[in-house]
Engineer: 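This is the structure I want to talk about, given as structure tokens.
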Amino acid sequence: MKYSLKSKLSFSYAVMSLLMVALISFCINVLLQSRFQDYVIKEREQKNTEIVSMIEKQYNGLNGGWNTGTIENIGVSALEQGVIVRLKDAKGKTVWDATVHNNGLCVQMLTHMSENMNSRYPGFKGGYEQKTYSLKSGGQEVGHAELGYYGPYYFTDNDIAFLNSLNSILIAVGVLSLIMALILGAFMAKRVSGPISKSIRAAGQIAKGNFQQRITESSGTREMAQLTDTINHLADSLEKQQDLRKRMAADVAHELRTPLANLQSSMEAMLDGIWEPSEERLESCHEEIIRLNRLVGDLEKLERYEAENASLTISVFDLSGISQLILNNFESEFRKKGIALHFEGKSVTVQADRDKITQVITNLVSNALKYTPEDGNVSVSVQESERGAELSVADTGKGIPPEDLPYIFERFYRADRSRNRRTGGLGLGLTITKAIVDAHGGTIEVVSEVDRGTTFTVTLPKD
Ligand code: ADP
């Protein structure tokens, strides 16, 4: 059986509150009882002292006798307060004795006290106790007062009523605190579990493929805010992936449709005998097939670079050295087209995927060659900057119109749409280039002016 976070939290709060209230009530009770006992014992001591002092005053030093009439009054009043008085003169002879005066009342009083204490504290260990005080007059000992009472302490009916009402107040305060703690606990549990439930609902929607789902409410708790941020990020990247897949499928279909339709109609025309299957026509079909093959190959590459962002085969190499090697391979093509090719730079060591960086340089240089007319210039330079290793490929070619610049890294984007598919590129070279640079954590920037030239700058971060 699984319980919701809210009910678990509420239950924990309830148990905790109950324990706290019980503990606090217990401590207050114990403390009060012990303080009250001290108070009762002190009160009795004070009462005894008062009785003794009153008795002392009843000694007549002139005739050496005790005023028994007043002593009896004092003794009876003491008996009413729970004290049994016995007075003896200096020779030890009893002058007045409460037990002699009214033994029945004394016994009844002690029994009542014992019952009272035992009813409140079952098994209370108490009983008759007696204390002897010496009586003095004019500095001379004139007798002894023996005061008997129920000890070690005794609660009167009033005391017990007071303690009971105190306990009732404590219980009422405890119940009230418990109710408040429960309400507060339920509120807190709702505050904590609310955002979690929302995150679960949102994650469930995302799992069902509803990638537009976002959690808009922000939580005041740091961990909760991190959780909602993470779920929103997850939804972002899944939505991006889905868009990418959809666009890719649409783009590929679009790119394949025209050449395939051309091929189909040419073939059908030849099969139906409308067209002669001349060498020239077959050559044109062959070229179209080669182009389609290249397109599929490039798509495969792009897919791999975009999917395998993490799987770079890193090695340490000199960016200048590798650039020069690539330029050597291009030299004859540049010469054929009548374009000057320059290289400038000193050795700059990088940690990168050698094959993929080779692909980046090849793409940029082949674009420069493709889009630069005869008598143009292409300069490649490698240098170290604050941001890392920088590679620039600058040409004096036809340039890219400003309205096309933001899109040139998109797949299948060609600045010159009127250009024949057959002669132009596929519009994938720069997309592949950017995917590789991104995978290295680097940047690629472009500056271009129509009819003046274009400069691409790739920056690879330092280790
Ligand atoms: P393509 O295969 O068409 O060259 P790319 O992705 O390499 O595809 O380039 C996209 C578009 O960017 C090209 O069609 C072209 O219009 C423009 N472009 C790229 N490099 C240059 C350059 N050096 N000079 C002018 N235009 C360029």
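Atoms within each ligand, like the ligands themselves, are counted from 1 in listed order. When a residue number appears, it is its place in the shown sequence, counting from 1.
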Engineer: Does R214 pair with E239 as a salt bridge, N-O distance under 4.0 Å?
Structural biologist: yes
Engineer: Examine the proximity of ligand 1 to L430 and report which part, side chain or backbone, both or neither, has a heavy atom under 4.0 Å away.
Structural biologist: both
Engineer: Do you know which of E390, E386, E445, H440 makes side-chain contact (heavy atoms from CB on, under 4.5 Å) with T459?
Structural biologist: E390
Engineer: Before giving the answer on side chain to side chain donor-acceptor pair (under 3.5 Å), spell out for T349 and D318 the whole-Å C-alpha distance, their side-chain angles and the decisive distance to 0.1 Å.
Structural biologist: CA-CA 4 Å; T349 311; D318 177 17; 5.5 Å; no
Engineer: Determine, using heavy atoms of F456 and all atoms of ligand 1, whether some pair is separated by less than 4.0 Å.
Structural biologist: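 Checking ligand 1 against F456, which is what was asked, there is a heavy-atom contact under 4.0 Å.
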Engineer: Could you list which atoms of ligand 1 come closer than 4.0 Å to a heavy atom of I400?
Structural biologist: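 Here the atoms of ligand 1 in question are 18 (N), 25 (C), 26 (N), 27 (C).
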Engineer: Please could you name the atoms of ligand 1 that L428 approaches to less than 4.0 Å, counting only its heavy atoms?
Structural biologist: 6 (O), 8 (O)
Engineer: Using a strict cut-off of 4.0 Å, indicate which atoms of ligand 1 neighbour a heavy atom of I408.
Structural biologist: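 Listed by number with element: 10 (C), 12 (O).
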Engineer: What side-chain hydrogen bond (donor to acceptor under 3.5 Å, both in side chains) pairs are there with at least one residue in residues 178-191, not counting sequence neighbours?
Structural biologist: none
Engineer: Between T358 and D355, do the side chains contain an N or O donor and an N or O acceptor separated by less than 3.5 Å?
Structural biologist: no
Engineer: Based purely on interatomic distance, does K398 place a nitrogen or oxygen under 3.5 Å from a nitrogen or oxygen of ligand 1?
Structural biologist: no
Engineer: If we check side chain to side chain donor-acceptor pair (under 3.5 Å) with T433, which of these qualifies: N363, D438, N367?
Structural biologist: N363
Engineer: Closer than 4.0 Å to some heavy atom of G427 - which atoms of ligand 1 meet that?
Structural biologist: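 Those of ligand 1 that fall under 4.0 Å from G427 are 1 (P), 2 (O), 3 (O), 6 (O), 8 (O).
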Engineer: Checking the N or O distance criterion of under 3.5 Å, is ligand 1 in contact with T431?
Structural biologist: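 In this structure, T431 places no N or O atom under 3.5 Å from an N or O of ligand 1.
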Engineer: Mind checking whether R411 has a heavy atom under 4.0 Å from ligand 1?
Structural biologist: no
Engineer: Check for me whether G397 has a heavy atom closer than 4.0 Å to any atom of ligand 1.
Structural biologist: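 Under 4.0 Å: no for G397.
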Engineer: Show which atoms of ligand 1 fall inside a sub-4.0 Å distance from at least one heavy-atom site of K370.
Structural biologist: 1 (P), 2 (O), 4 (O)
Engineer: Would you call V458 and V360 a side-chain contact if the rule is heavy atoms closer than 4.5 Å?
Structural biologist: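 Side chain of V458 against side chain of V360, heavy atoms only: contact under 4.5 Å found.
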